[in-house]
Amino acid sequence: MKVTYIINGKKQEFDISPGEILLDLLRDNGYMEVKGDCYEGTCGACTVLINNVPYASCTTLAAGVDEAEITTVKGLGDINNPHPVQQAFAKFGAVQCGYCTPGEILSAYALLLKDPDPGEEDIKRALDGNLCRCSGYMQQIEAVKIAAKMMREAGDNGRV
Amino acid sequence: MRLTSIEQCFKPETLSEAVTIIRDYKGKAAIVGGGLNITTERDESIKALVYLDKIGLKHITEDEDEIRVGSRVSVNEFINSPIIEDYLNGSVCDAIREISSELLRNQMTIGGSLVKGRPFSDIATMFLALRAVVIMFDGEKDIRMSLDEFYDSGQLLNDMIIKEVCLRKYDSSHHFGMERFTRTATDIPLLNLAILLKLDNGLIEDASIASGSLKSPTSRFEKGESYLKGKKVGRETADDFFSYVRDNLNTLNDYRLSSEYRKELAGVFARRILLGFTGVGE
Amino acid sequence: MAEYKSIGINTEKRDAMSLVTGQPVFTDDIALKDMLHIKMMHSPYPHATIEEINTEKAEGYPGVLMVLTYKNTPRVIHTTAGQGWPEPSPYDTYMFNQKMRFVGDRVAAVVAESEEAACEALKLIEVKYNILQAVLDPHDSMRDGVPVIHDEPEIKGAYDPQHNLAANIDIEIGDINEELKKSAYVIEDTIRTQYVQLTPIEPHVTISYLDEYGRIVIRTSTQVPFHVRRIVAQVLDIPVRNIRVIKPRTGGGFGTKQEIILEDICAYATLKTGRPVRAIYTREEELMSTRTRHPMEISLKIGAGEDGLINAISMHILSNTGAYGAHGLTVASNSGSKSLPLYNKAKAVQFRANIVYTNLPVAGANRGYGAPQAYAALEQVIDELAYKTGIGPLEFRKKNHIRTGETSPIFKALGEGKEGVEQYIQSCALDELIDRGAQEIGWYEKFGKHIRNGSKVRGVGMAMLMQGSAIPMVDMGAATIKMNEDGSFNLMYGGTDLGTGLDTVSSQIVAETLGVKPEDIIVYASDTDITPFDVGAYASSGLYISGSAALKAAMAVRDQIFEVAKELLGEVDDKNFILEDGRVISKASGKSLSLSEIAHHTLYVSNQHQIIASASMVSPYSPPPFAVHFAEIEVDGETGVIKPIKYVAAMDCGKPINPELVKGQIIGAVSEGLGYALTEEYVFDENGKMLNGNLTDYKIFSTRDMPEVVPIIVETYEPTGPYGAKSAAEININGPAPAIANALYDAIGIRVKDFPLTPEKVLREIKNK
Ligand SMILES: Cc1cc2nc3c(=O)[nH]c(=O)nc-3n(C[C@H](O)[C@H](O)[C@H](O)COP(=O)(O)OP(=O)(O)OC[C@H]3O[C@@H](n4cnc5c(N)ncnc54)[C@H](O)[C@@H]3O)c2cc1C
Ligand code: FES
Ligand code: FES
């Protein structure tokens, strides 16, 4: 069957098997920034935004999100023009091995879209599905606060 | 890896169409709620998936008597709805605000969570205690039944669809509390207990109790409900009820927790919830 | 102290921008044309032999190229432990074997065009097992009449395989019985630690292919690229020169990737098919079939005199290495060598360890490497002794800990499975760590106060820790640095960055030495064709060994630059220069040249040559970093739930080259240690099958589980380390188990001697009290 998504702002059409998992579809088509690990919704490495809401793509059926807007971490910014959340993660020690990072950043970004000035508990709750084994989370939580501030100061979703 | 048994996907435009499809498939088609069970359990007997996104069922509406929750409403949508926010003084929202993780709260739907009534579904426990009513669509008409009846009836789902779940609007004499045990913050609950009480001057007029503690589907703890009726909320009843629950609730014994510990916990939870009601509604 | 420009600075992690923008930097982020996929079949029985295996149907499944079993693969006995050669671990493993030794042991591998075909074909393999009696309790392993797990004649290097004894350690310094007898206070206790794994979020994954010359390239998520090359060559019986191992970015390792798990099979399939092959483990396979932390039973007897000085320590360990002996000997050695020197006043020390085989998952290297187990026990018994002497936990430790200028006989007596190396402590801030940590946690206001809130009681506890920095006289790392005409440098070294930031701190060290910015250093690491040798990332050796090699190479390059500068500036003495802001400056004349001018000159103008140098580092010392941890918890007396409220980790790692990265090492290790203390454990059924082989039931910490963690870095200067640095990677995982256990005792006066401290066990203990 055919599905169409807008992935990182670009319209894409795929011919999929009806039992296709979104994570597999994305990786098979080169979206390597979406990581995989547990395939049971528990680690969050596979997080993507579907219409700006974070989901575990490993438990998401590709057919079920036909016509959705999908955002991966590459949709936020790139090396030359990183998004404030990406900048804050890179700058403030929030990245160690980086395997959980795309998922963490997307969850943080989705939070900041809804709440430009989240408290510590809000951040913890928004990132609770993204397991990180390296960092112990403190620097990530700090980075989200800093990113929030950068975005508030810049206005307009943080794009300067 | 893809679900290899799935041969077909349907996106019906109407509920009648959807019902026709699941009937034709005789138990081999599954309605997709959030798809969390479907993708993690990978039941190979399922050959077709039926998506209801063209139909909606994402509403939360209210009238004088009840709140109606579309079966496809996600847990996060439920918690964040202004209608639910104040329901029973916010105690319902508070009880499930931090279940599981953000990613899964976005994904799991109220309908999908209720269907199997698993003991580790906080939604099932909570809605049982709240005496929720399920509205099923049988292809022609809506059928209303209480969640208890729904679980008692067993196989209904091979030819019906859960359309909505209704929560009664309780007046200020009603109080709700829920406790759950998890190993880590985002864990599945290994035990949960929810209590709804109707109080009259500190006297328990009516009680509704559910605990996800043993079997699937979960059921109400009716013995406990009768035990509480007519008692006065307060330290004494709470302490008595602790022992009563510990001694009378059947609990699961598995590698995660022993049944003795689950019983003890259930007692502690029951006492805590009751103590939480002490002093209110008097 | 010198003014540094790149040392002690929070340089942004060199790979951070690539990681936050999702560049394809991990092993599995490439998809090669015509790539094949491997799926593994695992033994359902803990102890069995394969009587018959029929792979015909599987081989006939569409898309399947081959099924590998013990019948069609090389039978070379080896160890999967990625250690230096000759490995101190027993040779007891084959790529595939007829004998199954745990639930999860490898039966066969299917090589197919797709993962799906491989999975389907797996179901078609027919195996008839001859089921043997299993040994599931390490206490049984050495008993007479118990089945012998390693009964094959080829086994080599195991201590007494006929008694399931993989390794054994027995050392005694002084007269232990005599000293215990003389002690006014003696505490004796036994603590048990559980099976856990550090579950890096990226699983084991390997992609192998033939290059255009027919050599095998292995792209793999590993901590030990050079050991992978050597062991794969051994197992496949091909020359080392035919193998190239590349480690791209690694998604965490923590020890589980100090092991050859998928590389040999992948490479073999590539050799046989000529095609690229990919193998990746699922989370369940990760937990069940890779490597775990040795569960140990640790019995301690510690005696102290009237004066509160420790006279004698006896530590006896029963270590369960599971089905294979990887790291069995060395992990147990480390349990002693990384803990006992802390209390160097003891006149007698006895350390005994039996490392036994069982039919359970294989233990191996895990961050801390034996020390977390030892500290889980030692620091509880020290606390008990501190109470008994009436001196109190802080003062007792202050009285007894090792100090600068002192040594411990353990350093010499207990090395990596053999004799160690004598050393004197040259940097140690333990007293300050105790004081600052105590102040931050509010020790004096909280200790012994049992602050209550309904059913909940607060408690505080602490633990004192050390580790090492690399394995002395064993670990070697080398680096090459070359200069480019824009004044940048390539650093090529074998150092293996697992996400820790090693590449970043190494670039800081080189930049400081060459008077440039870290961004001027282009780091390329861990490629056995291109970079010089390095043992890899383990034993807290990254900065101390690989970083020092980079430093030495940088110093050699600096000398070459001075030599050229002397000539170009017409100076007499090449000692009279400094490097600063990308220029070489003569202190004598004040004249200067840019590094770019120097490089242009040497590459194009006269006396042309490449400025380049290599250096190797092997250390006669392994300076211990020190740490003191404090935990504040709240125990619910009705449910037994322990909630960590605040955690203070004060550490002396010498000079912190990059404080932000050091902080990350501290907090990350603490979060893993808290899981070890409270929630993580393998649960087995009566047949030794793991019941919780997934992240739904193997519970690691999320954001919402973490207490407030306050890292405190107390700076010292370690003269043997690069710019005064010692290691920071492992030590902090040792603290949470004993600190939480001691806090539990402070709160409600109970000890649960069986980790993890689950609510159910705590409540049971409360009721027994
Ligand atoms: C790792 C993990 C942790 C979890 N933790 C918790 C927790 O802490 N607390 C908690 O409460 N839950 C938890 N759950 C969720 C819970 O157990 C269910 O998986 C979830 O609620 C299912 O919701 P869904 O909408 O995704 O269901 P789906 O998978 O879409 O559906 C579940 C079942 O219901 C059927 N169905 C769905 N919608 C309808 C409908 N409208 N009419 C008829 N049949 C329908 C489906 O066919 C399927 O059989 C957890 C799940 C996972 C995987
Ligand atoms: S791979 Fe999706 S949550 Fe782990
Ligand atoms: S940085 Fe390694 S898992 Fe998060």
Side-chain angles (χ1 to χ4, degrees), chain A residues 1-3 16-25 27-28 36 38-68 100 103-104 106-108 110-111 114-115 118 121-131 137, chain B residues 1-11 29-54 58 72-77 79-80 93-94 96-109 112 182-188:
Chain A
M1 62 182 290
K2 289 225 165 19
V3 288
I16 63 164
S17 132
E20 191 88 32
I21 300 290
L22 183 61
L23 170 59
D24 297 337
L25 178 71
R27 283 191 66 86
D28 288 348
C38 71
Y39 278 84
E40 55 177 8
T42 45
C43 76
C46 66
T47 303
V48 296
L49 303 187
I50 297 172
N51 302 326
N52 280 333
V53 177
Y55 284 87
S57 61
C58 69
T59 51
T60 301
L61 288 153
V65 291
D66 190 13
E67 291 174 10
C100 67
E104 299 262 2
L106 286 167
S107 289
L111 169 71
K114 286 189 308 192
D115 180 356
E121 292 309 310
D122 303 319
I123 299 173
K124 283 187 169 182
R125 197 163 51 234
L127 297 188
D128 64 3
N130 298 94
L131 296 180
Y137 306 109
Chain B
M1 222 175 55
R2 75 187 174 102
L3 305 177
T4 43
S5 67
I6 306 298
E7 293 156 0
Q8 193 78 49
C9 274
F10 297 97
K11 299 215 165 184
I31 303 283
V32 183
L36 196 51
N37 280 3
I38 292 170
T39 51
T40 51
E41 287 175 6
R42 304 181 80 96
D43 178 350
E44 301 221 336
S45 69
I46 301 294
K47 303 290 171 211
L49 296 178
V50 183
Y51 294 93
L52 304 182
D53 38 321
K54 295 219 166 113
K58 279 251 173 215
R72 294 182 61 247
V73 167
S74 75
V75 168
N76 258 347
E77 286 162 349
I79 298 167
N80 294 325
C93 263
D94 288 346
I96 55 169
R97 198 183 302 281
E98 298 200 331
I99 65 168
S100 195
S101 71
E102 178 76 0
L103 297 172
L104 302 190
R105 289 188 297 268
N106 284 331
Q107 187 174 358
M108 43 173 133
T109 62
T182 57
R183 293 161 291 187
T184 56
T186 56
D187 192 11
I188 49 170

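We use all heavy atoms of the structure for the numbers below, so side chains are in, but hydrogens, waters and symmetry mates are not. In what follows, chains carry the letters A, B, and so on, assigned in the order in which the sequence lines appear, proteins first and then strands, with residues in each chain numbered from 1.
With a 4.5 angstrom heavy-atom cutoff, B:Ser5 does not touch chain A via any of its atoms. Using a 4.5 Å cut-off between heavy atoms, B:Ile38 contacts chain A through its side chain alone, with no backbone atom that close. For A:Lys124, no part lies near chain B; criterion is any non-hydrogen pair under 4.5 Å. In this structure, the portions of B:Gln107 lying under 4.5 Å from any heavy atom of chain A include both its backbone and its side chain. Only the side chain of B:Asp53 comes within less than 4.5 Å of a heavy atom in chain A; its backbone stays farther off. With a 4.5 Å cut-off on non-hydrogen atoms, B:Arg105 touches chain A through its side chain but not through its backbone.
B:Glu102 contributes no side-chain N or O that, together with a main-chain N or O of A:Ser107, makes up a donor-acceptor pair within less than 3.5 Å. Side chain of A:Asp128 to main chain of B:Ser101: no donor-acceptor pair is present (N/O by atom type, distance under 3.5 Å, no hydrogens or angles).
Between the OG atom in A:Ser17 and the CD atom in B:Glu7 there is a gap of 10.5 Å [rounded to 0.5 Å]. Of the inter-residue distances, the one linking A:Asn130 atom CG with B:Leu103 atom CG reads 5.0 Å to the nearest 0.5 angstrom. With rounding to the nearest 0.5 Å, the separation of CD1 in A:Ile50 from CG in B:Asn106 is 9.5 Å. Considering CD of A:Glu20 and OG1 of B:Thr4, their distance stands at 11.5 Å, rounded to 0.5 Å. Taking OG1 of A:Thr59 as the reference point, atom CE of B:Met108 lies at 10.0 Å (rounded to 0.5 Å). Rounding to the nearest 0.5 angstrom, the gap separating the CG atom in A:Asp66 from the OH atom in B:Tyr51 is 10.0 Å.
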Subject >> From CA spacing to verdict: side chain to side chain contact (heavy atoms under 4.5 Å, CB included), B:Thr39, A:Thr60 >> reply: CA-CA 7 Å; B:Thr39 51; A:Thr60 301; over 6 Å; no
